[in-house]
Amino acid sequence: MADELWLFIVAGGAALLGLALAFGLIMENRARALKAMAGAFLVAICAGAFGVFVSSQPTTAPQRSSGPDGSQYDLPARPSDQNAIPGQQNDTP
């Protein structure tokens with residue numbers, strides 16, 4: 001619920017700012033403002049399409065979480081052994 005609230009606040013603030021800028025541009029020069037808003041909408045549509053495309057692609061690397069059976073030690077970057085840390089070698093065989 002909190003995530004949706006913050007999304008609404010941030011997106012709503014951006015929308016209000018955009019409306020205020022559009023209103024100011026229209027009052028200044030109507031033809032130039034329409035061209036600028038058309039370009040902004042085109043960029044927004046392209047960015048949205050690119051976002052949908054990227055989100056539909058599979059992840060670049062598999063994500064394996066560690067399990068209770070100790071599977072995290074089978075991963076390539078497993079923790080080092082106690083004897084591999086400099087200055088803390090165990091001298092007893």
Side-chain angles (χ1 to χ4, degrees):
M1 177 68 185
D3 292 336
E4 290 85 5
L5 178 65
W6 280 110
L7 176 64
F8 178 74
I9 291 171
V10 171
L16 287 175
L17 178 62
L19 288 174
L21 289 173
F23 179 75
L25 283 172
I26 289 173
M27 290 294 135
E28 184 180 312
N29 186 349
R30 187 174 180 88
R32 189 173 130 208
L34 292 177
K35 289 179 187 177
M37 285 189 286
F41 279 117
L42 181 65
V43 168
I45 289 170
C46 289
F50 183 69
V52 169
F53 171 73
V54 169
S55 67
S56 67
Q57 298 300 310
T59 57
T60 56
Q63 297 179 359
R64 294 178 14 192
S65 60
S66 61
D69 59 345
S71 60
Q72 71 268 20
Y73 294 109
D74 297 333
L75 296 176
R78 67 180 190 88
S80 62
D81 296 328
Q82 181 69 23
N83 292 336
I85 299 174
Q88 296 191 8
Q89 285 85 8
N90 190 356
D91 292 334
T92 59

Mind checking the CG-CG spacing from L34 to L25? Nearest 0.5 Å is all I need.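 With rounding to 0.5 Å, CG (L34) is 10.0 Å from CG (L25).
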
Can you list the other members of the hydrophobic cluster that holds [X], where links are side-chain heavy atoms under 4.5 angstrom apart?
X	result
V54	F50, F53
I45	none
F23	M27
L16	none

Which residue pairs satisfy the salt bridge (Lys or Arg N to Asp or Glu O under 4.0 Å) criterion with at least one member in residues 29-55, sequence neighbours excluded?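 Salt bridge (Lys or Arg N to Asp or Glu O under 4.0 Å) check on residues 29-55 returns E28-R32.
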
Enumerate the salt bridge (Lys or Arg N to Asp or Glu O under 4.0 Å) contacts for residues 10-22, please, sequence neighbours excluded, ordered by first and then second residue.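 Sorted pair list comes back empty.
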
